[in-house]
Number of protein chains: 2
Amino acid sequence: MAQTQTFSKNQRIVLDIVEKAKGPLKAYSILFNVQKKGINAPQQIYRALDKLIEAGKIHKIESKNAFVACKNSNCEVSKATAFSICESCEIVDEISDTKLSKYLSKFNHKKGMKFKRFNLEFFGLCKKCKIK
Amino acid sequence: MAQTQTFSKNQRIVLDIVEKAKGPLKAYSILFNVQKKGINAPQQIYRALDKLIEAGKIHKIESKNAFVACKNSNCEVSKATAFSICESCEIVDEISDTKLSKYLSKFNHKKGMKFKRFNLEFFGLCKKCKIK
DNA sequence: TAACGTTTGTTATAATATAACATATTTTAG
DNA sequence: CTAAAATATGTTATATTATAACAAACGTTA
């Protein structure tokens, strides 16, 4: 069941910025965006991001050290994420493909490791950048 | 055909360290390890790593900012990588599963993006850490 | 209301990565 | 062979990303 989560002031401010952004945001770019709202230090951003990631509201694009809002409204805990990243324009899309997600969630390592979480990042050229 | 690649002095030094390591190494830990060999600056490490990654000899574990030697001798260009990472002891294994690799290589985004490369990172607890 | 957990604010610093420039070395082509 | 081009090196400085540590405020809840 989709539990409505309650966030603190700073957490709401950060989530709001990331949700309104067109693409992934870097932590320090979030910081510059919220300085007028009284947030002054990186710590405050990273702390909020940590909680929001835990809650599945935000994902980290590891290869870019950047953060995006979760597009899958049902993705309460970010334990199965996949993204497509254009190497040219750097546009990032969250992939929500049930088959892919199921396939990977079922995947188990030979060496007896049971996976709790995965992150998949695809790289290529998006439609627009292919043409150029 | 497996083309034998030739590497420069610094590239060989860095590759050697990473290949001999038991697990992923951080760039600065590589640096400290090679200072006796006359490499003094991070630049030199990062430059060597870049080339080695391009050549598929080394992969970057994005979620850890660390580098491992490629275990798949046939993986000349690192365009399809998958790793299992223990969240407790941080041990990292390169997964070489032909089916998985084929499945993901064939995967295409709805939005017309053709993928050239992917990186997949699974997280969980390894056998040893599950017991503890 | 006291005790506890969580969030905030703040200063400082650690860790990761790149810029820029001067040389040197290796490779390629004429 | 040799000039030009490409690749690699060495070096200093700096940018970027992230965490440590501590004090104070807030908010539950027992």
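What you see is a predicted model; the values in this text were computed from it and never measured. All values below were derived from every heavy atom in this structure, side-chain atoms included, with hydrogens, water molecules and symmetry-related copies excluded. Naming: A, B, ... by sequence-line order, numbering from 1 per chain.
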Could you tell me whether the side-chain ring of A/Y28 sits stacked on the base of D/dT17, using a centroid cut-off under 5.5 Å and a plane angle under 30°? yes

Would you say D/dA18 has OP1 or OP2 under 4.0 Å from some side-chain N or O of A/K60? yes

Under the side chain to side chain donor-acceptor pair (under 3.5 Å) criterion, do B/E62 and A/S63 qualify, and how do the steps go? CA-CA 6 Å; B/E62 294 287 358; A/S63 63; 5.3 Å; no

If only side-chain N and O atoms count, and only distance matters, is there a donor-acceptor pair under 3.5 Å linking B/Q35 with B/N33? no

In terms of side-chain heavy atoms of B/R47, which of C/dC21, D/dC22, C/dT18 is nearest? C/dC21

N/O donor-acceptor pair, side chain A/Q43 with base D/dA18, under 3.5 angstrom: no

Calculate the interatomic distance between B/L25 atom CG and C/dA17 atom C1'; express it in whole Å. 17 Å

Among D/dG10, D/dA18, C/dT10, the one nearest any side-chain atom of B/Q44 is D/dG10

Checking C/dG9, D/dT19, D/dT17 against the side chain of A/K26 (C-beta onward), the nearest is D/dT17

Salt bridge present between A/R117 and B/E87 (N-O < 4.0 angstrom): yes

Tell me which nucleotide among D/dA18, C/dT7, C/dT16 gets nearest to the side chain of B/N65. C/dT16

Flag the pair B/N119 / A/N119 as yes when at least one side-chain heavy-atom distance between them is below 4.5 Å, and no otherwise. no

Just to confirm, is there a sub-4.0 Å distance from OP1 or OP2 of D/dG10 to any side-chain nitrogen or oxygen of B/N40? no

Starting at atom CG of A/L15, determine the distance to atom C1' of C/dT7, rounded to an integer number of angstrom. 16 Å

Looking at B/S8, I'd like to know whether one of its side-chain N or O atoms comes within less than 4.0 Å of OP1 or OP2 on C/dT26. no

Nearest-nucleotide pick for A/A41, side chain only, options being C/dT8, C/dT11, D/dA8: C/dT11

Touch class at under 4.0 angstrom, heavy-atom based, for B/K64 against every strand present: nothing

Carboxylate-amine/guanidinium proximity below 4.0 Å for A/D16 and A/K20: yes

Is there a side-chain polar atom (N or O) of A/K9 under 4.0 Å from OP1 or OP2 of C/dT7? no

Of A/D50 and B/G38, whose closest DNA chain D nucleotide lies nearer the 5' terminus? B/G38

